[in-house]
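Have a look at the structure below, then the notes.
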Amino acid sequence: DGSFADYKNDERAAGLYQELVAAGNADYVKIAAYNLGCMYQTGRGVTQSAAEAVHYLKMAYENGEREAAGILLQYYLKGDFPEVSFVKRICQDIISNGAAELLPVAYYCQFRIADNREQYRDSMAYAKKYLACANAEEKKKAEQQNAKTEEVHETTNNGIAVHRTAHRRNVRPRNIP
């Protein structure tokens, strides 16, 4: 086991992550593999390598680390991750699990992967449906925000009116000598 200071040293951390991956403990593999993939992606503590990044990110994804999906799809779009069947699986996982922040890239990858017109048409239909839902959600949020704003203004105006009315009622006329 490494100390916290070892993890602050990028080269040492990479070595410790590789040891954890090699040990094969399922509890640690997904995190260690994800961290290694990110390190290879950025070149922190290791020589930057798209192939190594994809290798470790794929391992992390296969072990349940869903954060790796977005990075793997980016590698696919750049041409550094040619396993189309695995990309299809990632896209299906994203779409079926509703990972909203990754839906646009998943639909786009499906569009790029489409083998025939029918798959292309389905992919575009899903993308349009997603955009319609996203726009509807944003519209609904905006309407809710506007309603809250109007309610606050109304409450504020009523509060001022109530305060002024109450103040006027409590004011006694002065006796003029």
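The figures that follow rest on heavy atoms only: side chains count, while hydrogens, waters and symmetry mates do not.
The two residues Ala69 and Tyr61 make their nearest non-hydrogen contact at CB-CE1, 3.7 Å. Of all heavy-atom pairs spanning Ala106 and Ile95, the tightest one is CB-CG1, 4.3 Å. Leu57 approaches Ala68 most closely through the heavy-atom pair O-CB, 3.5 Å. Taking each heavy atom of Cys109 and Leu73 in turn, the nearest pair found is SG-CD2, 3.9 Å. Contact detail for Gly45 and Asp10: the closest heavy-atom pair is CA-CB, 3.5 Å. Annotation for Cys38 and Ile71: closest pair SG-CD1, 4.1 Å, computed over non-hydrogen atoms.
A distance of 5.0 Å separates CD in Gln92 from CD in Gln110, rounded to the nearest 0.5 Å. To the nearest 0.5 Å, atom CD of residue Glu11 and atom CE of residue Met39 are 7.5 Å apart. Considering CG of Asn35 and OH of Tyr17, their distance stands at 4.0 Å, rounded to 0.5 Å. Between atom CZ of residue Arg66 and atom CG of residue Leu102 there is a gap of 11.5 Å, rounded to the nearest 0.5 Å. In this structure, the separation between CZ on Arg112 and CG on Leu77 is 5.5 Å, given to the nearest 0.5 Å.
Remark: Glu62 pairs with no residue by the salt bridge (charged side-chain N to carboxylate O under 4.0 Å, His left out) rule, at least two apart or across chains.
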Please tabulate, one pair per line, all N/O donor-acceptor pairs under 3.5 Å involving side-chain atoms of residues 20-31, not counting sequence neighbours.
residue, atom, partner, partner atom, Å
Asn25, OD1, Asp27, N, 2.9

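Few gaps surround CD on Gln18; more than 12 heavy atoms of other groups in view lie less than 6.0 Å from it.
Taking the six-membered ring for Trp, Tyr34 and Tyr56 have ring centres at least 6.0 Å apart.
Tyr76 pairs with exactly one of Val54, Ile90, Ile113, Val105 by the side chain to side chain contact (heavy atoms under 4.5 Å, CB included) rule, that one being Ile113.
Pairs passing the salt bridge (charged side-chain N to carboxylate O under 4.0 Å, His left out) check and including a residue from residues 50-59, sequence neighbours excluded, read Lys58-Glu83.
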